[in-house]
Amino acid sequence: MTDIKNNGPGEEQLVIDKQYKLQERSKAIEIIKKAMALAREEIPKGKVATYIPELGKVDPHQLGIVINPLKGEKICMGDYDVRFTMQSVCKVIMLIVSLELCGRRAVFGKVGMEPSGEAFDSLVELDVSNSKPYNPLINSGGLALCGLLLPELSFQDILRFTRNICSDPEIELNEAVYESEMKTCSRNRSIAYLLQSKGILNKDVEDTLRFYTKMCSMTATADSLSNLGAILANDGVCGETGKRFMSSRTARIAKTLMLTCGMYDGSGTFAIKVGIPTKSGVGGGLLSVSDKRAGLGVFGPALDTQGNSIAGCKLLREISNDLRLNLFYDPEWNRETEEENELIKGIRESHVI
Ligand code: DON
């Protein structure tokens with residue numbers, strides 16, 4: 001039985017308080033520093049993406065984070081200002097723009113809202129078991145939305161919007177990464193033709209691929225992603241300028257899909273262990289939203305087998321409970337997890353499982 005007078009270890013370290021305010025900056029910095037050290041240990045277990053040859057040249061040892069609380073000052077650490085390509089993180093922007101310009105009915109006429117449980121570039125479930133992409137955050141879903149936006153919207157329009165919503169005028173197209181992916185995107189080309197054969201994509205396949213790949217090749221930093229995350233956390237409004245970038249309904253849909261589908265076939269595990277709606281990209285970026293609390297941007301280019309930043313995920317896992325960023329904050333979490341590990345070990349040793 002828990003002693004109610006005795007706070008759990010999570011409660012003692014809590015730095016975003018119940019009013020969602022970042023308290024005790026120095027304590028938060030200590031927690032993040034420790035988490036960074038633990039996360040760095042994961043880097044050798046990961047690999048940079050090589051299926052886009054230009055991404056294979058990126059230094060895998062980089063790691064950076066920005067926490068951008070709605071109330072309080074930003075915390076920036078490590079390689080927080082290094083530029084990388086957004087890759088699938090841009091699918092959140094595609095979704096926002098599609099919802100705002102075309103409406104929910106048009107968007108969910110093209111894509112579903114269910115996790116696929118498959119890899120990000122899978123065609124299997126699209127071909128065999130479904131008439132449209134499972135959700136907008138996998139490659140097939142992103143390509144379907146690009147078809148919805150073309151030709152009314154140009155890449156320059158998206159670039160301008162992205163610079164604004166990320167408060168980062170230096171975001172640009174990384175030509176080398178774009179050219180590199182265009183040469184090796186047979187899988188996305190296959191997905192686009194499959195979408196065309198099913199009547200979901202009714203725009204030119206090559207135009208759609210170029211539009212999609214350019215968006216993936218936009219450069220961001222952990223800092224710029226944290227600015228976008230903060231707007232989502234604040235229901236679509238920039239806290240500093242008061243400017244509304246999207247309806248609160250769009251923000252809510254984006255955050256929900258990030259929680260359920262943002263980490264592909266790792267989404268369920270990530271939701272349990274980290275509990276922060278997040279979208280990953282194979283460039284190593286993570287865009288996270290701790291609702292009403294903070295936007296977060298992470299960069300760590302070494303990836304796990306699902307294509308998510310290996311050190312970035314560990315870093316978020318380490319800070320989510322202690323900083324009270326988890327959607328389902330549990331003051332008992334750390335202690336319970338340790339006890340649970342002991343229990344599982346005990347059961348294993350007794351050969352019951
Ligand atoms: O379409 C692709 O394969 C890449 N441009 C983006 C994939 C991606 O980022 C998956 N994320 N983890």
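Within a 6.0 Å sphere centred on OH of Tyr80, heavy atoms belonging to other residues, nucleotides or ligands number 12 at most. No more than 12 heavy atoms of other residues, nucleotides or ligands lie within 6.0 Å of NZ in Lys273, so this atom counts as exposed by the packing criterion. The local environment of CZ in Arg163 is crowded, with over 12 non-hydrogen atoms from other residues, nucleotides or ligands closer than 6.0 Å.
Between Asp223 and Arg83, none of the side-chain N atoms (NZ, or NE/NH1/NH2) sits under 4.0 Å from a carboxylate O, so this pair counts as no salt bridge. We find that Asp235 and Arg244 are not joined by a salt bridge, their nearest charged nitrogen and carboxylate oxygen being 4.0 Å or further apart. Under 4.0 Å is where a charged nitrogen must lie from a carboxylate oxygen, and between Lys47 and Asp304 no such pair does. The pair Glu30-Lys27 fails the salt-bridge criterion, with no side-chain N (NZ, NE, NH1 or NH2) lying under 4.0 Å from an Asp/Glu carboxylate O. Look at Lys314 and Glu318 and you find a salt bridge, because one of the NZ, NE, NH1 or NH2 atoms lies within 4.0 Å of a carboxylate O, short of that distance. Taking a cutoff of 4.0 Å between a charged side-chain nitrogen and a carboxylate oxygen, Arg189 and Glu206 qualify as a salt bridge.
Scanning all heavy atoms of the two residues, the minimum distance from Asn308 to Cys313 falls at CB-SG, 4.0 Å. Of all non-hydrogen atoms in Leu232 and Val92, the two that sit nearest each other are CD1-CG1, 4.2 Å. Across Phe211 and Phe155, no two heavy atoms sit closer than the pair CE1-N, 3.6 Å. Summarising the geometry of Arg293 relative to Arg324, their closest heavy-atom pair is NE-O, 3.0 Å, with the distance given to 0.1 Å.
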side-chain hydrogen bond (donor to acceptor under 3.5 Å, both in side chains) for Lys214 and Asn174? Distances and angles first, verdict last. CA-CA 8 Å; Lys214 278 186 181 169; Asn174 182 326; over 6 Å; no
Evaluation steps, side chain to side chain contact (heavy atoms under 4.5 Å, CB included), between Val282 and Leu303: CA-CA 7 Å; Val282 288; Leu303 307 177; 3.9 Å; yes
Does the pair Tyr264 and Ser88 meet the rule for a side chain to side chain contact (heavy atoms under 4.5 Å, CB included), with working shown? CA-CA 11 Å; Tyr264 310 110; Ser88 283; 2.9 Å; yes
Audit row: Leu209, Val205, side chain to side chain contact (heavy atoms under 4.5 Å, CB included) steps and yes/no: CA-CA 6 Å; Leu209 273 174; Val205 163; 4.2 Å; yes
Let's go through Ile231 and Val237 carefully: what are the C-alpha distance in whole Å and the side-chain angles of both, what is the deciding distance for side chain to side chain contact (heavy atoms under 4.5 Å, CB included) to 0.1 Å, and is it a yes or a no? CA-CA 5 Å; Ile231 289 173; Val237 176; over 6 Å; no
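Taking hydrophobic clusters as Ile, Leu, Val, Met, Phe, Trp and Tyr residues chained together by side-chain heavy-atom distances below 4.5 Å, Leu286 shares a cluster with Ile319. Hydrophobic clustering (side-chain heavy atoms under 4.5 Å, transitive across Ile, Leu, Val, Met, Phe, Trp, Tyr) keeps Leu38 apart from Val298. Both Met258 and Val107 are part of a single hydrophobic cluster, where members link through side-chain heavy atoms under 4.5 Å apart. Residues Leu315 and Val48 fall into different hydrophobic clusters, defined by Ile, Leu, Val, Met, Phe, Trp and Tyr side chains chained together at heavy-atom separations under 4.5 Å.
When side chains are defined from C-beta on, Thr162 counts as touching Met86, because their heavy atoms get closer than 4.5 Å. Considering only heavy atoms from C-beta on, Met215 stays 4.5 Å or farther from Val89 through its side chain. Annotation: side chain of Leu296 is in contact with side chain of Leu325 (closest heavy-atom distance under 4.5 Å). At a threshold of 4.5 Å between non-hydrogen side-chain atoms, the residues Leu323 and Tyr329 do not count as touching.
Between the side chain of Thr219 and the backbone N or O of Glu172 there is at least one donor-acceptor pair closer than 3.5 Å. Side chain of Ser226 to main chain of Gly297: no donor-acceptor pair is present (N/O by atom type, distance under 3.5 Å, no hydrogens or angles). Looking at Asn135, its side chain never comes within 3.5 Å of a backbone N or O of Cys261 through a donor-acceptor pair. The backbone N or O of Ile276 lies less than 3.5 Å from a partner atom in the side chain of Thr278, making a donor-acceptor pair. The backbone N or O of Leu99 sits nowhere less than 3.5 Å from a side-chain atom of Arg104 that would complete a donor-acceptor pair. For the pair Lys198 (side chain) and Leu126 (backbone), a donor-acceptor distance under 3.5 Å is present. Side chain of Asn326 to main chain of Val274: a donor-acceptor pair is present (N/O by atom type, distance under 3.5 Å, no hydrogens or angles). Between the side chain of Ser309 and the main chain of Gly300, a donor-acceptor pair closer than 3.5 Å is present. Side-chain N or O atoms of Ser217 include none that pairs as donor or acceptor with a backbone N or O of Leu173 at under 3.5 Å. Judged by distance alone, the side chain of Ser154 and the main-chain N or O of Asp157 form a donor-acceptor pair under 3.5 Å.
Partners of Asp81 by side-chain contact (heavy atoms from CB on, under 4.5 Å), not counting sequence neighbours: none found.
One finds the CZ atom of Arg25 at 8.5 Å from the CD1 atom of Ile32 (value rounded to the nearest 0.5 Å). Annotation: the span from Asn202 atom CG to Leu195 atom CG amounts to 10.5 Å, rounded to 0.5 Å. Separation of atoms CG (Leu194) and CG (Leu201) is listed at 10.5 Å; rounding is to 0.5 Å. Note that CE of Met218 is 7.0 Å distant from CD1 of Ile158, once rounded to the nearest 0.5 Å. In this structure, CG on Leu95 lies 11.0 Å from NZ on Lys279, to the nearest 0.5 angstrom.
If you check the side chains of Glu100 and Thr250, you find a donor sitting under 3.5 Å from an acceptor.
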Which atom pairs, one a donor and one an acceptor, fall under 3.5 Å between side chains of residues 137-153 and the rest of the protein, sequence neighbours left out?
residue	atom	partner	partner atom	Å
Asn139	OD1	Lys91	NZ	2.6
Asn139	OD1	Tyr212	OH	3.2
Asn139	ND2	Asn188	OD1	3.0

Taking distance alone, no hydrogens or angles, what donor-acceptor pairs closer than 3.5 Å link side-chain atoms of residues 111-124 to residues at least two apart or in another chain?
residue	atom	partner	partner atom	Å
Ser116	OG	Glu118	N	3.1
Asp121	OD2	Arg187	NE	3.4
Ser122	OG	Val124	N	3.2
Ser122	OG	Glu125	OE1	2.9

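Both tests hold for Lys243 against Phe245: distance to the six-membered ring centre under 6.0 Å, angle to the ring axis within 45°.
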